[in-house]
Amino acid sequence: TSEPAAYAPTRNPWRLTHSSGGSSGGSAAAVAAGLVAVAHASDGGGSIRIPASHCGLVGLKPTRGRASFGPGAGERWAGCSAEGFVTRSLRDTAALLDIVSGARAGDPYVAPPPDAPFASELLRAPGRLRIGAMLRAPREVPLHADCRAAVSAAAKQLEALGHHVEEAHPEAIDETDGVRGFVTVVTVSTARALEAWSARIGVPIARADVEPLTWALAEMGRATSATQYLAAIEGNHAHARRVAGWWQQGFDLLLTPTCAAPPPPLGHFSATPENPLAGYANALPYGVYTSVFNLTGQPAISLPLHISSEGLPIGIQLVAEFGGEARLLRVASQLEQAAPWAGRLPPVHASRYSA
């Protein structure tokens, strides 16, 4: 949530009373406010794309195995997490992707190597693509009118660019199996993280040392048996195959809102010891479109194409097949040229305070 109990919350440069997203909300706020040109981010369930959407930035989650975790680690969250960055432009995104791409010895996953530098893909026409547009939220989650307007406008823009857009999406996105399996991975990984950090600092981490949600998730993870965890991984793999199979039916890209709701006010995800999972439940509209592609490992990008009726950024998400960053960048470049966002700055920005 980028609202740690031990420190002050990260504030959204577009409106200081609102969330910058999480978990890479600090990176997104810093880039959006002009403090830095680009910033590192990671994405285990949407933590690159959600802050990018909330702060009016470009946020690409690369294909699983595109950017190595080595040599310090092989994977995080059973392959769901990916390393990346938030930027203001596709030029910076493509340049950084070229720099970080590539496997290290012993990596458990390796993404297909690109045919050409990613930076060069921004200059290549994608051809006429078949794009499925999802104009509602999965699993009967309410979709805010501003987020629906954002994806509808993007669909019209893509049609104007010559692409075929139809209302379609992988049916498996509406299933609940992937949600349960994903939560199991998160809870077990949280328990392991506290165990690992306890060993690193030489002192057992106790309930009072972490926030209520962190402890509640860790307790759920500790209560999960090894066979239950493996069953969840097997279920996640099966769910990912059902989702990813949609691209084999002749579709090139999927278009969705990045989030089902605009950036919320700070405190929206607050949890208490009495109700530690309250914030987790409130987060559902913000990860409902993103986390499924952490399970599949597919590349997905959030683009800052829309502003809400209240003046807050709303991103749209494009998803490609596994290893399909090149196609994402080509189409995203078309959108950046047709509806440029570079000159759109938040009220809090370094340029407004320079001498």
Side-chain angles (χ1 to χ4, degrees), residues 23 42-47 49 61-66 69-70 73-83 106-111 137-141 169-199 205 207 210 212-248 254 271 276-300 319 321-323:
S23 60
S42 62
D43 192 316
S47 292
R49 291 159 288 163
K61 180 193 80 68
T63 296
R64 179 178 295 148
R66 177 70 67 203
F69 284 106
E75 64 172 12
R76 285 205 305 261
W77 283 17
C80 288
S81 185
E83 293 282 11
D107 279 355
Y109 312 110
V110 178
R139 302 184 299 279
E140 299 184 353
V141 173
H169 66 274
E171 293 181 2
I173 291 180
D174 288 313
E175 298 172 1
T176 59
D177 293 359
V179 178
R180 288 194 294 268
F182 178 77
V183 170
T184 297
V185 168
V186 173
T187 59
V188 172
S189 297
T190 302
R192 172 56 189 155
L194 295 190
E195 182 180 83
W197 277 103
S198 294
I205 294 175
R207 182 192 297 268
V210 296
L213 173 60
T214 304
W215 190 259
L217 294 177
E219 289 283 82
M220 293 168 64
R222 295 184 189 108
T224 303
S225 70
T227 55
Q228 288 172 330
Y229 179 71
L230 288 178
I233 296 295
E234 291 168 2
N236 288 348
H237 291 168
H239 179 74
R241 290 183 190 279
R242 292 194 294 275
V243 173
W246 180 80
W247 274 260
Q248 308 304 312
L254 175 67
L277 298 176
Y280 211 57
N282 289 342
L284 178 61
Y286 300 98
V288 70
Y289 291 107
T290 56
S291 62
V292 61
F293 301 110
N294 293 86
L295 285 176
T296 67
Q298 293 170 252
V319 187
E321 75 281 6
F322 195 89

So how far is it from [X] [atom1] to [Y] [atom2], rounded to the nearest 0.5 Å?
| X | Y | atom1 | atom2 | result |
| --- | --- | --- | --- | --- |
| Glu175 | Arg180 | CD | CZ | 9.5 Å |
| Phe69 | Glu83 | CZ | CD | 4.5 Å |
| Leu194 | Glu219 | CG | CD | 9.5 Å |
| Arg222 | Thr190 | CZ | OG1 | 9.5 Å |

**Asked** Could you walk me through whether Val179 and Val292 pass the side chain to side chain contact (heavy atoms under 4.5 Å, CB included) check?
**Response** CA-CA 8 Å; Val179 178; Val292 61; over 6 Å; no

[Y] backbone acceptor or donor facing [X] side chain under 3.5 Å:
| X | Y | value |
| --- | --- | --- |
| Ser47 | Ser23 | yes |
| Lys61 | Phe293 | yes |
| Thr184 | Tyr229 | no |
| Thr63 | Arg66 | no |
| Arg242 | Ile173 | no |

Residue pair [X] / [Y], side-chain heavy-atom distance below 4.5 Å:
| X | Y | answer |
| --- | --- | --- |
| Cys80 | Phe182 | yes |
| Pro138 | His169 | no |
| Tyr280 | Val186 | yes |
| Arg49 | Asn294 | yes |
| Asp43 | Thr290 | no |
| Leu295 | Val243 | no |

Original post:
On the ring face of Trp77, is Arg64 found with NZ or CZ under 6.0 Å from the centre and within 45° of the axis?
Top reply: no

| Is the number of heavy atoms from other residues, nucleotides or ligands under 6.0 Å of Arg241 CZ greater than 12? |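 Incorrect, the count does not exceed 12.
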
Could you check whether atom CD of Glu171 has more than 12 heavy atoms from other residues, nucleotides or ligands sitting under 6.0 Å from it?
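At most 12 heavy atoms, drawn from other residues, nucleotides or ligands, come within 6.0 Å of this atom.
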
| said: Pair Trp247, Val319 - check side chain to side chain contact (heavy atoms under 4.5 Å, CB included), show working. | reply: CA-CA 10 Å; Trp247 274 260; Val319 187; 3.8 Å; yes

